[in-house]
Amino acid sequence: PVESTARVATHRVLIVEDEPDIRDLLVFHLERDGYQVAQARSGADALRQAQTSPPDLVLLDLMLPEMDGLEVCRRLRQNPVTQGIPIVMLTARGDEVDRVLGLEMGADDYVVKPFSPRELMARVRAVLRRTRPAPGTAPLTVGRLSIDPAAHIVTVADVPVSLTRREFDLLRALVESRGRVLSREYLLDHVWGYTAAEEIESRTVDVHVRRLRQKLGVEGQRIGTVTGVGYRLEGDA
Ligand code: CA
């Protein structure tokens, strides 16, 4: 359980780049700064990975074979599971049109190649800071629901709710990603620590979510089911 909590607290970045040298360079700098890194060599691979295990940020090269980065960006934004994931684009110098299109399609920022690793890391940090508060031990509040990760206390309207460790970790994952759909596979991986999602294991998630909803009463209605995909906790907006 300690390990799974630690993994939830680490930002995961998905790198989408077909050129091995640039990919290696990106992996090196991201890992050195403490990020967990996933890699995709093609747009199709990126979409697959983002769906099954949504990262905290996508670093997306626009020049990709077959499906280009703009199309990947558009599809990520159309899919309810991935639409909230911040995207930083890598564009070639002079590709003003691509840059504008990328931002119009929902990218959060861009970095022009050849990039300075220092500038790139600063952009990644800034986008993550802007789009998601740093996960940590500060109490999280949504409506009348409050979670204190350090003290392991959950309250609804200031009344403590008794949760199992799994229910607590599940709720924390949902609250930390509020507004975004988390797939059953993602929850199994991050809350249970399973890498492969079998049919029977997916039901485990459903059962825990049902119990969590019951225990949270009215605030439990914030946890919505996204049919065929997973669950999403609605924020205050
Ligand atoms: Ca490329």
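How far CG of D68 is from CZ of R74: 10.0 Å, rounded to the nearest 0.5 Å. Between Y110 atom OH and L60 atom CG the span is 15.5 Å, to the nearest 0.5 Å. Atoms CG and CZ, from D158 and R144 in turn, are 10.0 Å apart once rounded to the nearest 0.5 Å. How far NE2 of H29 is from CD1 of I15: 10.5 Å, rounded to the nearest 0.5 Å. Once rounded to the nearest 0.5 Å, the distance linking OG of S53 with CG of L14 reads 9.0 Å. The line from OG of S177 to CD1 of I85 is 9.5 Å long, rounded to the nearest 0.5 Å.
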Evaluation steps, salt bridge (Lys or Arg N to Asp or Glu O under 4.0 Å), between D18 and R23: CA-CA 7 Å; D18 57 311; R23 214 169 48 231; over 6 Å; no
Please test E176 against L140 for side-chain contact (heavy atoms from CB on, under 4.5 Å), starting from the C-alpha separation and ending with a verdict. CA-CA 8 Å; E176 281 182 344; L140 302 159; 3.9 Å; yes
Test log, rule side-chain contact (heavy atoms from CB on, under 4.5 Å), inputs Q36 and H11: CA-CA 6 Å; Q36 215 186 312; H11 281 127; over 6 Å; no
Show your working on salt bridge (Lys or Arg N to Asp or Glu O under 4.0 Å) between D206 and R184 and close with a plain yes or no. CA-CA 8 Å; D206 300 340; R184 289 182 178 79; 2.7 Å; yes
T225/R213 under side-chain hydrogen bond (donor to acceptor under 3.5 Å, both in side chains): CA gap, chis, key distance, verdict: CA-CA 11 Å; T225 304; R213 279 189 184 127; 2.7 Å; yes
Please report the C-alpha distance between R222 and L216 in whole Å, then the side-chain angles of each, then the deciding distance to 0.1 Å, and finally whether the side-chain contact (heavy atoms from CB on, under 4.5 Å) criterion is met. CA-CA 9 Å; R222 285 183 182 276; L216 297 176; over 6 Å; no
Candidate pair R125 and Y35, rule side-chain contact (heavy atoms from CB on, under 4.5 Å), full reasoning: CA-CA 10 Å; R125 271 196 306 275; Y35 294 95; 3.3 Å; yes
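Under the 4.5 Å side-chain criterion, counting only non-hydrogen atoms from C-beta, T91 is not in contact with V111. Residues L25 and D21 form no side-chain contact, since every pair of their non-hydrogen atoms from C-beta on lies 4.5 Å or further apart. Using a 4.5 Å heavy-atom threshold, the side chains of L26 and Q39 count as separate. With contacts defined as side-chain heavy-atom distances shorter than 4.5 Å, the pair V191/F168 does not qualify. Side-chain contact between I87 and L57 is absent, with no heavy atoms from C-beta onward closer than 4.5 Å.
Residues L120 and F28 do not share a hydrophobic cluster, clusters being chains of Ile/Leu/Val/Met/Phe/Trp/Tyr side chains in contact below 4.5 Å. Linking Ile, Leu, Val, Met, Phe, Trp and Tyr whenever their side-chain heavy atoms come within less than 4.5 Å leaves L188 and V229 in two separate clusters. Under the 4.5 Å side-chain heavy-atom criterion for ILVMFWY residues, no single connected hydrophobic cluster contains both I153 and L212. No path of Ile, Leu, Val, Met, Phe, Trp and Tyr side chains, each step under 4.5 Å between heavy atoms, connects Y186 with V81, placing them in separate hydrophobic clusters.
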Quick one: side chains of residues 40-47, donor-acceptor pairs under 3.5 Å with protein atoms, not counting sequence neighbours, listed by atom name and distance.
{"unit_1": "S42", "atom_1": "OG", "unit_2": "D45", "atom_2": "N", "d": "3.1"}
{"unit_1": "D45", "atom_1": "OD1", "unit_2": "Q49", "atom_2": "NE2", "d": "3.4"}

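Under the side-chain hydrogen bond (donor to acceptor under 3.5 Å, both in side chains) criterion, Q221 pairs with no residue, sequence neighbours left out.
Judged by distance alone, the side chain of T52 and the main-chain N or O of R48 form a donor-acceptor pair under 3.5 Å. Although no hydrogens or angles enter the test, the distance criterion places no donor-acceptor pair under 3.5 Å between the side chain of K215 and the main chain of L163. A donor-acceptor distance shorter than 3.5 angstrom exists from the side chain of E17 to the backbone of E19, with no hydrogens or angles considered. Looking only at distances, a side-chain donor or acceptor of S116 sits under 3.5 Å from a matching main-chain atom of E119.
Looking at every heavy atom in both residues, R77 comes nearest to D108 through NH2-OD1, 3.2 Å. Residue A50 comes nearest to P55 through the heavy atom pair CA-CD, 4.0 Å, listed as atom of the first residue, atom of the second, then distance. In terms of heavy atoms, H208 sits closest to E167 at CD2-CG, 4.2 Å. Here the closest heavy-atom approach between residue L174 and residue L233 is recorded as O-CB, 3.8 Å. Among all heavy-atom pairs drawn from L76 and T82, the shortest one is O-OG1, 2.6 Å. Shortest non-hydrogen contact noted between V175 and I147 is CG2-CD1, 3.6 Å.
Within a 6.0 Å radius of CE in M63, other residues, nucleotides and ligands contribute 12 heavy atoms or fewer.
Partner Y231 forms a side-chain contact (heavy atoms from CB on, under 4.5 Å) with one of L170, V205, V181, V226 and no other, that one being V205.
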